[in-house]
Amino acid sequence: MKVVISGLGVVMPGAWGWDEAESLFSAADPKPVDIDRSAGYHREGGSRKALLVDSGRMGEWLSPMAARRMSQASRFAVCASLMAFHDAGLKPQSEEGTTAVVMGTTYGAAFVTEKILRQILLEGPESVSPALFTESVANAPAAQIALAVGAKGANTTVTQRQASVIAALKQGVGLLMRGVADRVLVGVVDEMAPLLHSILDRFGGLARPEHNGAEVGRPFDDRGSGWMGADGAAVTLLEPEDIVRRRGGSFRARVLGAGMAFDPGAPRSGWGTVPGPRAKALRAFLVENAGSPRVIDRVVCSAGGLPEADRLEARMIREVLGDGSLPPVLAPAASVGNHGAALLAGSVLAAAGATFGPTPGFGVPDREAGIIPHDGRTLPAPETVLMTVCAPGGSAGWALMARGLEV
Amino acid sequence: MKVVITGIGAVSGFGWGVEKLWRGLESGATSIREPSVFDVEGQRTTLVAEVGPPGPDAQAEIDDLRNLSRADVFAVIAAREALVRAGVDAGGPRTGVFCGGSTAGMAECEDFVGRIVGVHPGKPTLRLLASQQLNGPGDAVARDIGACGPVIGFSSACASGAMALGAALEAVRSGDVDMALAGGADSLCRLTYSGFNALRSVDPGVCRPFRRDRQGLSLGEGAGMLVLEPLDRAVARGAEPLAELAGYGASCDAHHMTAPHPEGDGALAAMKAALMDAGLESLDVGAVNAHGTGTPHNDQSESCALRRLLGERSLEVPLTAPKGALGHVLGAAGALEAVASVLALECGTIFPTAGSTPADPDFGIDLVLDEGREMFRGKQTWISTNFAFGGANAALVIRGLV
């Protein structure tokens with residue numbers, strides 16, 4: 001069975017939907033905003049900005065009454081899922097067959113968790129809101145998607161830090177291959193609450209204010225000091241290719257496979273420096289699923305400007321694809337911040353031949369990384385896209401996508 | 001391909017290890033009692049199934065112990081026990097780890113936030129968050145055993161552990177891995193305790209699944225880890241398989257965020273899917289290890305689904321529900337209850353549902369009460385169910401190896 005992405009829904013900072021995402025990646029002009037620091041979690045001199053979704057656009061997809069019962073993450077995920085159905089030319093709640101849902105998340109319900117913890121700690125446990133609690137579980141977005149589109153198939157939420165997006169893709173493809181679902185919504189969602197932002201900053205993950213006060217995610221750049229915290233969701237609709245063709249539909253991309261590996265020697269909260277088992281597993285994956293690493297003509301990576309992370313991912317890519325003949329490398333996190341939605345949406349758009357502008361924030365190559373990300377020149381549509389992610393703690397993942405079918 | 005369970009490990013309110021788990025379950029006792037891990041002042045209820053302190057050697061030689069969450073430690077100890085039982089050194093690129101959990105290091109995160117907002121003493125040290133994320137227990141296991149294959153965390157609330165086992169089953173079947181450590185781990189924390197109390201879902205007494213006077217769930221903590229591998233591989237290396245993980249099924253109610261479908265539509269679909277995956281029919285079911293949270297609506301919905309699955313046999317197929325003994329261990333429930341199913345199959349005894357009040361006669365089920373019951377010969381197929389917030393349902397089919 002060939003698995004294709006028949007629809008994509010995107011809710012990202014600066015982009016609602018396919019067309020706006022295409023424009024966003026093409027313009028390469030991220031617009032960070034101030035994060036709410038009023039609770040006092042943040043340290044002096046730390047990061048102050050994030051790339052955040054314009055949630056005022058939600059009304060296009062979700063009624064205020066429905067939105068009121070959801071966390072922000074659930075709202076993003078539901079909107080992106082409805083978009084994915086629409087993009088595929090299908091109608092939620094009325095399609096025959098079984099729809100399954102697999103969602104990935106890096107941090108879970110950050111806003112709701114923060115609110116509940118404050119209620120417990122500052123006002124006492126009896127003040128906890130039951131409505132908030134039901135949205136505090138990591139699978140709340142997947143459950144809300146099921147309610148919104150009438151998805152009665154398997155409903156799974158996976159979480160493997162930044163590699164959650166690949167874990168979700170892998171599980172989703174598996175459901176179709178086993179024939180237990182007719183279509184699968186596969187996506188990833190995260191939100192950026194003030195507490196989470198301050199914690200990521202304390203761990204040294206976020207871009208620091210530069211001399212002019214700007215905070216910039218600079219992938220593979222010598223000046224990189226961290227990534228841009230961000231929120232958003234991207235959801236794909238996966239279907240068997242023959243089903244889509246039979247109804248005369250088009251599809252954005254093919255999914256050729258997804259794989260994951262773990263380095264037990266990596267630091268618990270860091271990336272480490274040795275691609276070792278991860279590079280070995282990636283090479284084996286490419287040989288099995290693409291025949292050879294040489295067929296890759298586009299890489300979409302998770303690099304967002306944190307030197308330790310970017311360097312490890314760069315080493316892994318270079319070790320497998322070869323130093324001298326690297327295909328163009330895209331780093332969508334530079335445009336929309338570090339979250340799985342950036343990687344998933346960026347990969348699907350790349351596979352579909354979308355235009356990408358120069359990598360925002362890049363200017364001075366980091367010699368240790370040894371990768372010059374895409375400079376904005378016009379590229380031919382790729383045949384085979386490799387999507388990669390390296391997560392702190394040891395996980396890494398990758399997926400292969402190929403060009404879709406436009407009708 | 002037959003996938004077998006060659007090792008099991010457990011940490012529960014009864015203590016550290018499968019032996020203590022089985023002794024507790026078989027006796028019909030409960031591990032639910034007053035907690036010591038946090039203060040319950042201001043809460044509606046005061047009982048939990050808490051894991052007591054480990055024996056002197058249980059945590060020995062765990063690398064970087066001070067940076068692990070309580071849930072991580074449960075997972076690592078359970079995984080080690082499972083590997084010893086399986087008689088194998090796991091690790092390497094062909095071993096994967098699939099671990100469910102709902103809150104992971106939340107208890108430690110609560111302490112961190114308490115320090116930030118000034119209600120807990122001490123500095124908000126990042127050590128408290130070093131393993132806070134939901135994938136923490138699975139990563140801790142992978143790190144401990146040296147696994148280099150896929151490591152995936154599952155967080156679908158109370159169905160997480162069963163989903164992790166289902167994914168592991170598929171990973172072994174498809175050849176993605178040769179061996180999987182799969183299960184779940186969760187620790188008690190204020191967030192879930194306060195949240196379930198806010199929902200009025202917690203029994204002020206001890207949880208009484210499927211009893212007439214049931215009033216809700218009791219929360220618990222612990223871990224269950226299982227070693228999965230293909231039967232031929234296990235036999236080739238001289239291992240003694242404990243049971244077969246024969247099937248997995250999942251569904252979603254798509255009905256309500258917290259309330260189950262009143263007729264158990266989703267639960268029924270998950271059980272049917274699991275049986276189909278195993279190549280079996282409802283006639284083959286010899287016993288049920290029910291989710292049985294003890295809340296009025298959940299037990300009603302689940303019993304309805306079981307009656308629809310089993311038909312007239314619903315009064316003949318023994319049903320046991322371990323949450324009266326173990327509490328609801330949330331993301332670890334499916335895993336710990338799978339371990340309990342394997343132990344029951346191994347011992348040939350269906351353990352009783354803890355408690356002393358009468359079963360709800362309206363349910364039309366054969367609830368195993370008071371003492372264990374011998375398993376019928378030729379009826380060694382268990383179905384183990386878990387149903388979560390958001391209507392996410394999962395079912396496992398576990399078979400004895402005759």
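Throughout, protein chains are lettered first and strands after them, A, B, ... in sequence-line order, and every chain is numbered starting at 1.
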Test side-chain hydrogen bond (donor to acceptor under 3.5 Å, both in side chains) applied to B/N197 and A/E126, step by step:
CA-CA 8 Å; B/N197 270 297; A/E126 67 277 14; over 6 Å; no
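- When heavy atoms are compared at a cutoff of 4.5 Å, B/S155 approaches chain A by way of both its backbone and its side chain.
- Most heavy-atom pairs under 4.5 Å with chain B, from the set A/G153, A/A146, A/S136: that is A/G153.
- Atom NE2 of B/H120 has more than 12 heavy atoms from other residues, nucleotides or ligands within 6.0 Å.
- Residues A/A151 and B/C252 approach most closely at O-CB, 3.6 Å, considering heavy atoms.
- Counting heavy atoms of neighbouring residues, nucleotides and ligands inside a 6.0 Å radius, atom CE of B/M276 does not exceed 12 of them.
- For A/T156, the parts sitting under 4.5 Å from any heavy atom of chain B are the backbone and the side chain alike.
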Any chance you could lay out the side-chain contact (heavy atoms from CB on, under 4.5 Å) test for A/L121 and B/E110, step after step, and finish with the verdict?
CA-CA 8 Å; A/L121 292 164; B/E110 287 164 357; 5.5 Å; no
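- Residues in residues 263-273 of chain B take part in these side-chain hydrogen bond (donor to acceptor under 3.5 Å, both in side chains) pairs, two or more places apart or across chains: B/H261-B/D265, B/D265-B/R308.
- No part of B/Q132 comes within reach of chain A, as not one of its non-hydrogen atoms sits under 4.5 angstrom from that chain.
- Under a 3.5 Å cut-off, the side chain of A/N139 and the backbone N or O of B/F389 do form a donor-acceptor pair.
- Distance alone, capped at 3.5 Å, places no donor-acceptor pair between the A/R268 side chain and the B/A140 backbone.
- Note that OG of B/S194 and CD1 of A/I116 are 9.0 Å apart. Values are rounded to the nearest 0.5 Å.
- Residue with the most contacts toward chain B among A/G124, A/G104, A/P267: A/P267 (heavy-atom pairs, distance under 4.5 Å).
- The backbone N or O of A/T106 lies less than 3.5 Å from a partner atom in the side chain of B/Q133, making a donor-acceptor pair.
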Could you walk me through whether B/D277 and A/R178 pass side-chain contact (heavy atoms from CB on, under 4.5 Å), step by step?
CA-CA 10 Å; B/D277 187 43; A/R178 296 205 302 281; 5.6 Å; no
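- For B/L191, the parts lying under 4.5 angstrom from a heavy atom of chain A are both the backbone and the side chain.
- Both the backbone and the side chain of B/V151 have a heavy atom closer than 4.5 Å to some heavy atom of chain A.
- Judged by distance alone, with hydrogens and angles left aside, the side-chain atoms of B/S156 form a donor-acceptor pair with the main-chain N or O of A/T157 at under 3.5 Å.
- For A/I145, no part lies near chain B; criterion is any non-hydrogen pair under 4.5 Å.
- Using a 4.5 Å cut-off between heavy atoms, B/F196 contacts chain A through both its backbone and its side chain.
- Contact of B/M257 with chain A is made through backbone and side chain together, with heavy-atom distances under 4.5 Å.
- Rounded to the nearest 0.5 angstrom, B/M106 CE and A/T113 OG1 are separated by 5.0 Å.
- At a 4.5 Å heavy-atom cutoff, the contact between A/T134 and chain B is made by backbone and side-chain atoms alike.
- Considering every non-hydrogen atom in both B/A147 and A/P264, the closest pair reads O-CD, 3.6 Å.
- With a 4.5 Å cut-off on side-chain heavy atoms, A/R202 and B/P124 count as touching.
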Should A/F262 and B/V97 be marked as a side-chain contact (heavy atoms from CB on, under 4.5 Å) after you check the CA-CA gap, both sets of side-chain angles, and the distance that decides it?
CA-CA 10 Å; A/F262 188 82; B/V97 177; over 6 Å; no
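- In this structure, the portions of B/A157 lying under 4.5 Å from any heavy atom of chain A include both its backbone and its side chain.
- For A/E114, no part sits under 4.5 Å from any heavy atom of chain B, backbone or side chain.
- Applying the 6.0 Å contact sphere to CG of B/D89 captures no more than 12 heavy atoms from other residues, nucleotides or ligands.
- Looking at B/D144, there are no atoms closer than 4.5 Å to chain A (heavy atoms on both sides), in backbone or side chain.
- Heavy atoms closer than 4.5 Å to chain A are found nowhere in B/L330, neither backbone nor side chain.
- Neither the backbone nor the side chain of A/V180 comes within less than 4.5 Å of any heavy atom of chain B.
- With a threshold of 4.5 angstrom between heavy atoms, B/A269 does not approach chain A through any atom at all.
- Note that the CD1 atom of B/I116 and the OG atom of A/S198 stand 5.0 Å from one another [nearest 0.5 Å].
- With A/R118 contributing its side chain and B/V117 its backbone, the two residues share no donor-acceptor pair below 3.5 Å.
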